[in-house]
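No experiment lies behind these values; they were computed from the predicted model shown. Position 1 is the first residue of the sequence, and the numbers go up from there.
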Amino acid sequence: MIDVLLALIIASSVGSAIWIIQNSIRPLTQKLFSQTWHYYTTLIPVFFLVGGTEMMVRVIPLIRSIFHKSVTALSGSIPQKISPVPLMEDTTAGSSPFLQTLVGSLRALGYKNDLVLWILVIWMAGIVVFLTVNLKSYWVFKRSILQHSQVADINVKSVKVFVSPLAMTPMVIGFLNPVIVMPDTRFEQKELAMILSHELIHLKRRDLLVKFIVLLANSIHWFNPMVYSLSKKINIYCELSCDEKVVQEMDEESRRFYGETLLSMLEYGVMRRNLIGVNSLYHSKEDMKRRLGNLVNVKKTKKSMVMLSVVASIILVGSGGIAADYADAAANTSSKYMIEGGSNITVKRADGTTISYDKDGNIIPEPPRTAPRELTADEMVERIELHLGKGLPVPEAYVVQLKKLGKTDELTKIFDGLTYIKLYIQGGVATFSVADLLKP
């Protein structure tokens with residue numbers, strides 16, 4: 001149970017961290033990148049909130065392993081002494097002492113099963129309440145809009161268009177079978193064409209599906225205020241990017257007309273809270289003002305900006321993956337010290353020492369440690385041959401110890417035919433000349 005709680009906290013923290021980074025660089029990205037880029041990159045934190053964190057925790061070590069093998073293969077092809085390189089990056093060792101202490105404290109709750117159980121029950125109850133309230137609001141709104149509607153005399157392929165006297169603004173509604181709903185108001189032909197273009201872009205991009213995924217992320221992390229801010233911003237960028245797509249090929253006069261169409265929504269639009277399963281043309285006055293200002297600044301994106309935006313997106317995803325791996329390393333620092341059976345737990349402190357507790361929270365005295373048995377010369381020779389046979393570096397300590405014991409002849413036989421040999425040394429692997437190693 002404690003693992004579920006830890007995974008939830010890590011996912012929520014990583015998603016929030018990425019969202020904070022995006023907010024901090026927004027003044028710069030607003031000048032460089034399109035609203036469409038902002039819309040889709042705001043989904044990166046959502047990705048980490050709904051399972052991407054766990055996915056990246058598995059992907060990052062795989063990438064690290066592939067990179068390490070490439071470096072090892074490259075270094076192995078150079079027949080000369082090389083600088084020692086780490087066998088592998090130790091993310092756990094580099095994790096923050098604060099994180100290790102925090103995770104250790106959370107894992108200590110593992111013995112208080114009743115407390116952890118109540119926390120999980122409250123969390124799941126919050127999910128149920130959040131989904132129930134939002135889904136009920138959606139169904140009530142959809143039924144009220146459609147029950148008195150009628151099919152509009154508008155020819156649009158692949159989607160039905162309805163007119164409803166209760167609709168205060170054009171909208172797309174419905175997850176499984178989305179439809180366009182228009183208010184019972186007369187529109188000019190050009191005005192109608194622009195409104196339908198806007199709504200059809202929502203349908204083509206499957207924005208309602210995106211909205212549903214965001215709802216799931218919000219329900220899972222209902223306790224995190226950052227997720228509510230993220231959800232609100234995604235809705236804003238959804239409309240801004242849709243406007244951007246509509247006016248991208250328009251001249252100045254057509255853009256002005258489209259802006260007047262947005263303003264006309266204010267004449268009969270009403271303020272209402274955001275609903276899932278609905279994309280409407282009307283938003284608050286503040287958002288509408290921002291949309292109008294954005295219409296003037298829409299330009300065709302240069303290829304250089306496209307490449308830069310791709311790089312920026314990769315950096316955001318990569319930073320989230322590194323943060324996820326970093327947090328998971330802190331969690332594993334504590335979990336790998338757990339004694340099988342769950343009756344005892346050992347936590348590693350920031351200074352590297354460990355302390356053990358029993359199931360009642362009492363400190364367990366550390367048992368005396370016995371010194372490891374020293375290997376005989378024959379055993380060391382056998383192990384060197386085993387390493388060489390498998391193509392593995394040989395521990396330097398074996399070579400040094402055999403030379404101290406006067407077993408240089410045995411080393412000469414083992415290394416016969418070899419010019420260079422790799423040794424495990426402190427901190428990594430290095431390549432040495434056999435002739436140098438056999439010198440007294």
Side-chain angles (χ1 to χ4, degrees), residues 15-16 18-49 134 137-138 141 168-173 194-195 197-219 221 224-248 255 258-259 261-266 269-299 301 309 312-313 316:
S16 298
I18 298 301
W19 179 229
I20 291 172
I21 292 173
Q22 288 181 284
N23 275 323
S24 64
I25 63 175
R26 189 190 307 161
L28 176 62
T29 58
Q30 285 288 359
K31 297 178 181 179
L32 297 176
F33 305 139
S34 66
Q35 301 302 325
T36 301
W37 181 88
H38 284 86
Y39 173 48
Y40 286 115
T41 52
T42 51
L43 300 180
I44 294 176
V46 177
F47 164 74
F48 284 99
L49 290 170
N134 281 274
S137 299
Y138 163 69
F141 177 78
M168 297 300 173
T169 176
M171 68 185 73
V172 176
I173 187 170
M194 288 184 172
I195 291 173
S197 296
H198 181 101
E199 303 304 335
L200 287 172
I201 289 174
H202 281 308
L203 287 170
K204 184 179 180 180
R205 299 193 312 188
R206 301 182 183 275
D207 288 335
L208 292 183
L209 176 60
V210 171
K211 201 168 187 178
F212 181 71
I213 295 174
V214 174
L215 172 78
L216 291 180
N218 209 339
S219 64
H221 302 273
N224 188 344
M226 298 298 296
V227 182
Y228 293 89
S229 169
L230 172 64
S231 177
K232 181 180 178 181
K233 193 63 69 174
I234 287 175
N235 287 322
I236 294 173
Y237 279 131
C238 179
E239 295 302 324
L240 289 173
S241 62
C242 201
D243 291 337
E244 185 178 67
K245 185 71 174 178
V246 172
V247 305
Q248 198 162 33
R255 291 187 184 191
Y258 183 77
T261 301
L262 293 180
L263 287 175
S264 68
M265 297 299 101
L266 291 175
V270 293
M271 289 293 292
R272 58 180 175 81
R273 53 198 169 88
N274 180 48
L275 295 169
I276 61 165
V278 177
N279 274 118
S280 65
L281 193 64
Y282 173 73
H283 276 253
S284 68
K285 292 182 180 180
E286 291 77 11
D287 293 341
M288 198 67 77
K289 181 179 178 181
R290 183 177 179 183
R291 291 173 67 178
L292 291 172
N294 186 64
L295 296 179
V296 181
N297 299 320
V298 173
K299 299 177 182 179
T301 307
S309 65
S313 302
L316 284 173

_Close side-chain approach of Val247 to Met194, heavy-atom, < 4.5 Å_ = no

*asked:* Tell me the closest heavy-atom pair linking Glu199 and Pro170, and the distance in Å.
replied: OE2-O, 3.6 Å

*When rounded to the nearest 0.5 angstrom, what distance separates OH in Tyr237 from OG in Ser34?*
11.0 Å

_Rounded distance [0.5 Å steps], CG in Leu215 versus OG in Ser231_ = 8.0 Å

*asked:* Using the side-chain hydrogen bond (donor to acceptor under 3.5 Å, both in side chains) criterion, which residues pair with Ser219? Sequence neighbours excluded.
replied: none

*For Ser229, check side-chain hydrogen bond (donor to acceptor under 3.5 Å, both in side chains) against everything at least two apart and list the hits.*
Trp19

*With sequence neighbours excluded, what pairs up with Ser313 under the side chain to side chain contact (heavy atoms under 4.5 Å, CB included) test?*
Trp37, Thr41

*Backbone N or O of His38 within a donor-acceptor pair of the Thr42 side chain at under 3.5 Å?*
yes

*When you measure from the side chain of Gln35 to the backbone N and O of Leu240, does any donor-acceptor pair fall under 3.5 Å?*
no

_Could you work out, with side-chain hydrogen bond (donor to acceptor under 3.5 Å, both in side chains) as the rule, every residue matching Asn218, not counting sequence neighbours?_
none

*What is the distance from atom CD1 of Ile44 to atom CD1 of Ile18, rounded to the nearest 0.5 Å?*
7.5 Å

*For Lys245 and His198, run side-chain contact (heavy atoms from CB on, under 4.5 Å): C-alpha distance rounded to whole Å, both residues' side-chain angles, the deciding distance at 0.1 Å, then the answer.*
CA-CA 8 Å; Lys245 185 71 174 178; His198 181 101; over 6 Å; no

_Nearest 0.5 Å, please: how far is CD in Gln30 from CG in Leu28?_
10.0 Å

*Could you tell me which non-hydrogen atom of Pro45 sits nearest to which non-hydrogen atom of Gly15, and how far apart they are?*
CB-O, 3.6 Å

*So, the side chain of Arg205 versus the backbone of Cys238: is there a donor-acceptor pair under 3.5 Å, distance only?*
yes

*Closest heavy-atom contact between Leu43 and Ile234?*
CD2-CD1, 3.9 Å

_Spacing of CG belonging to Leu230 relative to NZ belonging to Lys232, to within rounding of 0.5 Å_ = 12.5 Å

_Between CG on residue Leu203 and CG on residue Leu208, distance to nearest 0.5 Å_ = 7.0 Å

_Backbone of Leu49 reached by a side-chain donor or acceptor of His221 within 3.5 Å_ = yes

_Glu244/Tyr39 under side-chain contact (heavy atoms from CB on, under 4.5 Å): CA gap, chis, key distance, verdict_ = CA-CA 11 Å; Glu244 185 178 67; Tyr39 173 48; over 6 Å; no

